[in-house]
Amino acid sequence: MFSNLQDKLDRAFKVLKGQGNITEINVAETMKEIRKALLDADVNYKTAKTFTDDVKQKALGENVLSSISPGQLLTKIMNDELTSLMGGEVNELDLSKNPTVILIAGLNGAGKTTFTGKLASFLKDKKGKKPLLVAGDVYRPAAIDQLEVLGSQVGVPVYTDRNSTDPIAIAKAGVEEGKRSGHNVIIVDTAGRLAIDEALMNEITAVKDATQPHEILFVVDAMTGQDAVNTAKAFNDRLDFTGVVLTKLDGDTRGGAALSIKSVVNKPIKFIGTGEKMEALDVFYPDRMASRILG
Ligand code: GDP
C-alpha cells in the first residue's frame, strides 16, 4: 500500500528534525496521504477518517525521542492503533461446550465449504477434537460432494441427507446425529446465495434457531473490498454472528477489509484463509494484519 511508507513519513517530517515535536500542520499533511493509502487498501472512508484522526491526536504532543525519527514514531503509533482497532489480542473459538455447535454462513463463492473442511482439520489435528461436518447446502448438490471429498481428505465424517431439500431439518438432524455418536464439535455448512436476499436470510435464521449454535462464523472473501463490509453488516444484523473468517488473503489484497469489517460490525476476526489447500488456514493475529495493511 505505502510503497515506501518510512521514506514518505520521514520526508514529511524532515522539517521537524531537531525540533522534538510533531506539529499539527505536518501531521495533517501526512494523514491526508495515509488516508488516501488506506482507501486504496479497501478500508472504508469512515474507518480511514476515524483512524487518521485518532493517530493525529496521539501523535500531536508526543515527544520525538532522539533515538527514533518522527516518521518511525508515527509508524509505531499507526501500527499500535491498527492492532488495537482489529481487536488487539487473538480471539479464539469458544469450544467449551460438549458438543460445540458451529454454524458457517456467507455468500456463494466466499469460501464457506473450503473453510468448513479447513476448520474440521484444524480442530481435529491442532485441538484434539472429534468433529462432525453437516452438509446443509441443499441447493448445490456439488457442494455436498465437495464437502464429502474434503471430509475424507482431512479424516472427518460428514452427515448428509441427499433425499431432503429442507436445510433446517438436515441441520437439526445433523446436530442430533453428532450428539448421538459422541462428536464434541459439530460444524454445519449452510447454503449461500449470489447476493443477499430475504429468502437466504430467513432460511439461515431458521437454521440458527433450530441448531442453537455456540459459534456462528461469517465467511467473506477479502478481495471483495467494500462489498465485504456491506455483506458483513447484513449478515450480522440478522444473525448476530460471533466471528469473521476472511478468505483469499493469499491474493494481492492488502487486507483493508479486515479493518473495515471489524470497525463496522465490531465482531472479532477469528481466522484467515490463505489458499485453497486444507492446511491454508491461520488464526487471525491483529498485529500481523496491521503490518500487512501498512505494507
Ligand atoms: P462457498 O461457495 O462459499 O462454499 O465457496 P467454496 O468453498 O466452494 O470456495 C470457492 C472458491 O474459492 C473455490 O475455488 C476455493 O478453492 C476457493 N477458495 C476458498 N478459500 C480460499 C482461500 O483462502 N484462498 C484462495 N486462493 N482460494 C480460496
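Keep in mind that the numbers below use all heavy atoms, side chains included, and drop hydrogens, waters and symmetry copies. The residues of the chain are indexed from 1 along the displayed sequence. Counting starts at 1 for both ligands and their atoms, following the listed order.
- Of the candidates G111, A191, G106, A105, it is G111 that places a heavy atom closest to atom 5 (O) of ligand 1.
- Side-chain contact annotation: T47 with N44, donor-acceptor N/O pair under 3.5 Å present.
- The proximity of R140 to ligand 1, defined as any non-hydrogen pair under 4.0 Å, is limited to the side chain.
- In the model, E89 has no side-chain atom that pairs as donor or acceptor with a side-chain atom of Y285 under 3.5 Å.
- If you look at D250 next to ligand 1, the close heavy atoms, those under 4.0 Å, all belong to the side chain.
- Donor-acceptor pairing under 3.5 Å is lacking for the side chains of D166 and S164.
- Of the heavy atoms in D137, none comes closer than 4.0 Å to ligand 1.
- Side-chain atoms of D189 and T113 form a donor-acceptor pair, as typed in the model, at a separation below 3.5 Å.
- A ring-centre distance under 6.0 Å is not found for F241 and F235.
- Proximity annotation for atom 10 (C) of ligand 1: of G117, G109, A222, A280, G109 comes nearest, heavy atoms only.
- Interface atoms of ligand 1 facing G273, defined by a heavy-atom separation under 4.0 Å, are 23 (O).
- Cation-pi contact between K267 and F218: absent, since separation from the ring centre below 6.0 Å together with deviation from the ring axis within 45° is not met.
- Of all atoms in ligand 1, numbered sequentially from 1 with element shown, those under 4.0 Å from a heavy atom of Q146 are 6 (P), 7 (O), 8 (O).
- Protein heavy atom in closest approach to atom 15 (C) of ligand 1: T114 OG1, 3.6 Å.
- At a 4.0 Å heavy-atom cut-off, ligand 1 touches T274 through the backbone alone.
- Side chain of K112 to backbone of L107: a donor-acceptor contact under 3.5 angstrom is found.
- For ligand 1, the atoms closer than 4.0 angstrom to any heavy atom of L107 are 3 (O).
- Considering backbone and side-chain N/O of A110, one or more are found under 3.5 Å from N/O of ligand 1.
- Protein heavy atom nearest atom 16 (O) of ligand 1, with residue, atom name and distance: E276 OE1, 2.7 Å.
- Taking all heavy atoms of K118, R193, K248 into account, the minimum distance to atom 12 (O) of ligand 1 is reached by K248.
- Summarising the geometry of G136 relative to P167, their closest heavy-atom pair is O-CB, 3.9 Å, with the distance given to 0.1 Å.
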